[in-house]
Amino acid sequence: MRTTRTTRDGHRGTGPGSITPDGCAVELYERLLVGDEPDIIASRTPEGGSILELGCGVGRVTHPLVARGFAVTAVDESAEMLERVRGARTVHASIEHLELDERFDLVLLSSFLVNTGDVEVRAGLLATCRRHVADGGVILIQREGEGFYDDLPRESPMKGAGTIRIVSEEIAPGLRANQVDYLYDDAQWTQFFRTRHLPDAAFEQVLAEAGLALVGYLTPNHVWAGAVPVKD
């Protein structure tokens, strides 16, 4: 299995500490606090069930899931991120190239990864989800909500401490270049990355092209969605 690349096209990051191939800063992600993700994921996973977490980072979501008794396999292309993960089995690999000889009750693709600007990478991410979900299992996807780019640039406080500032511009039809600044009293990080916004209809079409079917939106803002493989 292929593991990682040095950088991803259109992605880079600045700030203290190690920077991952997609521009994320390891030390920054150790500061970010978890939100309601564990509750959403736990509500769709059988008690003690198996979870494949794709793009786990430093374990911000992993650790609460492990604490709830789930068997988590945590995947990331950054070895530096994986060094911070505790209590889960870790796999160092690029998500789109992952080939595990097993399937899971729940496959998790969070952090808006489905909105990557690279269409081939997106297809690879969803293919990985499809081939690793168990019969009767579900894929949970976190995506940009409707109108995500309607109020930009914007600045808002982060949970716990610090301020986040987001700037974005369309550089080709459907393709956006984004800059996100994370501002703390003692440090600052900036991430540059590319995305493709997928309104509901476009998102559902992308799922269909990947052999997946939407089973429902899990939150009122449609940021979280559940999908399953289409039966042959």
Side-chain angles (χ1 to χ4, degrees), residues 1 3-4 17-114 125-143 158-162 182 189 191 215-219 223-229:
M1 146 191 339
T3 55
T4 187
S18 299
I19 304 294
T20 67
D22 62 353
C24 295
V26 176
E27 290 185 15
L28 165 65
Y29 274 78
E30 287 198 297
R31 296 189 181 205
L32 298 179
L33 301 181
V34 71
D36 61 358
E37 298 97 330
D39 293 333
I40 294 170
I41 297 161
S43 72
R44 303 290 165 165
T45 312
E47 184 176 355
S50 59
I51 296 174
L52 177 64
E53 184 185 3
L54 302 172
C56 64
V58 298
R60 182 173 58 92
V61 175
T62 317
H63 298 145
L65 293 175
V66 169
R68 296 182 188 212
F70 297 113
V72 182
T73 296
V75 179
D76 206 277
E77 67 178 2
S78 167
E80 291 86 354
M81 289 282 198
L82 288 174
E83 288 173 359
R84 275 73 172 178
V85 176
R86 299 289 180 266
R89 179 176 61 148
T90 60
V91 178
H92 181 210
S94 295
I95 297 169
E96 65 268 33
H97 300 136
L98 185 68
E99 294 276 1
L100 299 177
D101 189 22
E102 56 190 298
R103 296 193 292 170
F104 300 81
D105 296 318
L106 184 137
V107 176
L108 174 63
L109 185 68
S110 59
S111 301
F112 310 113
L113 292 174
V114 74
L125 298 177
L126 294 175
T128 293
C129 292
R130 191 182 195 281
R131 65 176 168 265
H132 287 95
V133 67
D135 293 341
V138 67
I139 300 162
L140 290 195
I141 301 171
Q142 185 184 31
R143 54 186 285 265
M158 290 184 286
K159 184 178 180 180
Y182 299 89
W189 288 271
Q191 184 181 9
V215 295
Y217 292 105
L218 311 183
T219 52
V223 168
W224 284 92
V228 294

Rounded distance (nearest 0.5 Å) linking atom CG of L109 with atom CZ of R143:
12.5 Å
Measure from the side-chain N and O atoms of T128 to the backbone N and O of I95, and report whether any donor-acceptor pair falls under 3.5 Å.
yes
Find out whether I139 and V228 are in side-chain contact, i.e. whether some heavy atom of one side chain is under 4.5 Å from a heavy atom of the other.
no
Y182 versus Q191: any side-chain heavy-atom pair under 4.5 Å?
yes
Tell me, do L54 and C129 make a side-chain contact under 4.5 Å, heavy atoms counted?
yes
Whether D101 and R131 form a salt bridge (side-chain N of Lys/Arg under 4.0 Å from carboxylate O of Asp/Glu) is what I want to check.
no
Does any part of the side chain of R68, heavy atoms only, come nearer than 4.5 Å to the side chain of D39, both counted from C-beta?
yes
Could you walk me through whether R84 and Y29 pass side chain to side chain contact (heavy atoms under 4.5 Å, CB included), step by step?
CA-CA 10 Å; R84 275 73 172 178; Y29 274 78; over 6 Å; no
Between A74 and V85, which heavy-atom pair has the shortest distance, and what is it?
CB-CG1, 4.3 Å
Does some side-chain heavy atom of S50 sit less than 4.5 Å from a side-chain heavy atom of E102?
no
I need the D22 CG to E77 CD distance, nearest 0.5 Å.
5.5 Å
For the atom pair CG (L125) and NE2 (H97), what is the distance rounded to the nearest 0.5 Å?
9.5 Å
Side chains of M81 and C56: closer than 4.5 Å at any heavy-atom pair?
no
Donor-acceptor check, side chain of H92 to backbone of L82, threshold 3.5 angstrom: yes or no?
no
Identify the residue among L126, L108, L113 that makes a side chain to side chain contact (heavy atoms under 4.5 Å, CB included) with I141.
L126
For P229 and V133 the tightest heavy-atom approach is CG-CG1, 3.5 Å
May I ask you to decide if G137's main-chain N or O and D105's side chain share a donor-acceptor pair within less than 3.5 Å?
no
Can you name the closest pair of heavy atoms from K159 and G35 and give their distance?
NZ-CA, 4.0 Å
Rounded to the nearest 0.5 Å, what separates atom OG1 in T62 from atom CD in E53?
3.5 Å
Does L140 reach the side chain of L106, with side-chain heavy atoms less than 4.5 Å apart?
yes
Could you tell me which non-hydrogen atom of L218 sits nearest to which non-hydrogen atom of G226, and how far apart they are?
CG-N, 4.1 Å
Does the pair E80 and T20 meet the rule for a side chain to side chain contact (heavy atoms under 4.5 Å, CB included), with working shown?
CA-CA 8 Å; E80 291 86 354; T20 67; 5.8 Å; no
Tell me whether R60 is salt-bridged to E37, with the criterion being a basic N under 4.0 Å from an acidic carboxylate O.
yes
Carefully, step by step, assess I51 and V107 under the rule side chain to side chain contact (heavy atoms under 4.5 Å, CB included).
CA-CA 6 Å; I51 296 174; V107 176; over 6 Å; no
Nearest atoms (heavy-atom pairs only) where A93 meets V75
O-CG1, 3.8 Å
Side-chain polar contacts of residues 40-47 - donor-acceptor pairs under 3.5 angstrom, sequence neighbours left out - could you list them?
{"residue": "S43", "atom": "OG", "partner": "I40", "partner atom": "O", "Å": "2.7"}
{"residue": "T45", "atom": "OG1", "partner": "I41", "partner atom": "O", "Å": "2.8"}

For the residue pair L100 and H132, establish whether any side-chain heavy-atom pair is separated by less than 4.5 Å.
yes
Testing the basics here: between T219 and W224, what is the closest heavy-atom pair and its distance to 0.1 Å?
OG1-N, 3.3 Å
